[in-house]
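Okay, so here's the structure we're looking at.
In this text the structure is predicted, and so the values were computed from the model without any measurement. Chain naming here is simple, since letters A, B, ... match the order of the sequence lines and numbering starts at 1 in each.
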Amino acid sequence: GENVEQHPSTLSVQEGDSAVIKCTYSDSASNYFPWYKQELGKRPQLIIDIRSNVGEKKDQRIAVTLNKTAKHFSLHITETQPEDSAVYFCAASMGGYSTLTFGKGTMLLVSP
Amino acid sequence: GAVVSQHPSRVICKSGTSVKIECRSLDFQATTMFWYRQFPKQSLMLMATSNEGSKATYEQGVEKDKFLINHASLTLSTLTVTSAHPEDSSFYICSAMEGVTGELFFGEGSRLTVL
């Protein structure tokens, strides 16, 4: 089955800096890669996703890149703000009704 | 976006009792729902996939007789933790897949504490 590795497990940055979280996946058949943000005790929220037919997607301060050959994808957050502090999960699936396999999560702490 | 409601958000029960958690898709029909367990500071662990009108598919290591899942309608799936023990204390989250886009929406989660 699919295996998703996520790094780093914790990331501390100063407000205004950029943050990058990286994930690798094992199943070359995976074609859907969402990223979720989970604040403490709350539900995960989809923040951005990418499908395998594109290499990069951007939404304001958030961007995701995908390298299918290397089987890795990354989340980039620019101009970080304290409210960006949360746990971020990457995931991979084969799309459609396939189950998502989650990474272990990255706790991002943005200090003012 | 679509809304998934999970109830109760918090439940405390005595060891040996059973607890039912509901997961509802409020504005869309979900043929597929998922149940996860999350330990503090850890990732979401998929427990089972719930398909409307059929038996749930459980992940390896998850006891189906312990965690009963029922998906009786296109908008409701329930997870019953039977004969709960303190080690079952955890944060349980459901998600529902929106049929057109395939996007996953999560419930608010249910924090179970077994005394």
Side-chain angles (χ1 to χ4, degrees), chain A residues 1-12 21 23-25 27 30-53 57 59 64 75 85-109, chain B residues 1-7 9-10 21 23-25 29-52 54 56-62 71 90-113:
Chain A
E2 175 67 279
N3 182 49
V4 177
E5 299 283 341
Q6 183 172 348
H7 299 280
S9 57
T10 59
L11 179 59
S12 294
I21 302 171
C23 287
T24 60
Y25 61 100
D27 193 338
S30 290
N31 58 17
Y32 176 61
F33 308 94
W35 286 88
Y36 295 88
K37 175 183 179 183
Q38 186 180 26
E39 297 177 7
L40 188 64
K42 296 187 177 180
R43 76 182 92 193
Q45 300 269 20
L46 178 69
I47 56 171
I48 195 167
D49 57 13
I50 191 167
R51 298 185 188 273
S52 59
N53 57 342
K57 185 176 178 180
D59 182 3
V64 57
L75 177 71
S85 297
V87 178
Y88 292 80
F89 293 100
C90 64
S93 84
M94 288 184 279
Y97 289 94
S98 301
T99 57
L100 283 171
T101 301
F102 288 89
K104 292 189 183 301
T106 297
M107 181 175 290
L108 174 64
L109 178 61
Chain B
V3 177
V4 175
S5 176
Q6 191 172 337
H7 178 81
S9 57
R10 292 178 184 273
I21 301 169
C23 180
R24 294 181 184 273
S25 56
Q29 294 183 329
T31 55
T32 304
M33 292 185 173
F34 303 93
W35 287 95
Y36 309 83
R37 185 171 180 175
Q38 188 176 33
F39 292 103
K41 299 184 180 181
Q42 293 191 26
S43 189
L44 298 154
M45 184 189 78
L46 180 65
M47 298 174 65
T49 301
S50 170
N51 295 296
E52 187 268 336
S54 64
T57 303
Y58 289 81
E59 295 300 301
Q60 191 172 9
V62 178
H71 194 157
S90 191
F91 194 53
Y92 293 88
I93 306 179
C94 70
S95 68
M97 187 167 280
E98 198 277 331
V100 176
T101 64
E103 188 175 342
L104 209 59
F105 296 92
F106 287 86
E108 305 97 322
S110 300
R111 185 164 301 284
L112 170 64
T113 303

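- The stretch residues 34-41 of chain A places Y36(A), Q38(A), G41(A) near chain B, each with some heavy atom under 4.5 Å from a heavy atom of that chain.
- Within the 4.5 Å cutoff, the side chain of T32(B) has no heavy atoms near those of the H71(B) side chain.
- Of the residues listed (M45(B), M47(B), Q38(B)), the one engaging I93(B) in a side-chain contact (heavy atoms from CB on, under 4.5 Å) is Q38(B), and it is the only one.
- Using modelled atom types and a 3.5 Å distance limit, the side chains of E108(B) and S9(B) yield no donor-acceptor pair.
- The line from OG1 of T106(A) to CZ of F89(A) is 8.5 Å long, rounded to the nearest 0.5 Å.
- For L46(B), the part sitting under 4.5 Å from any heavy atom of chain A is the side chain, from C-beta outward, and nothing else.
- Note: F106(B) and Y36(B) have tilted aromatic rings, judged against thresholds of 30 and 60 degrees for the angle between ring planes.
- Tested against F34(B) for a side-chain contact (heavy atoms from CB on, under 4.5 Å), the candidates S50(B), C94(B), S95(B) yield a single pass: S95(B).
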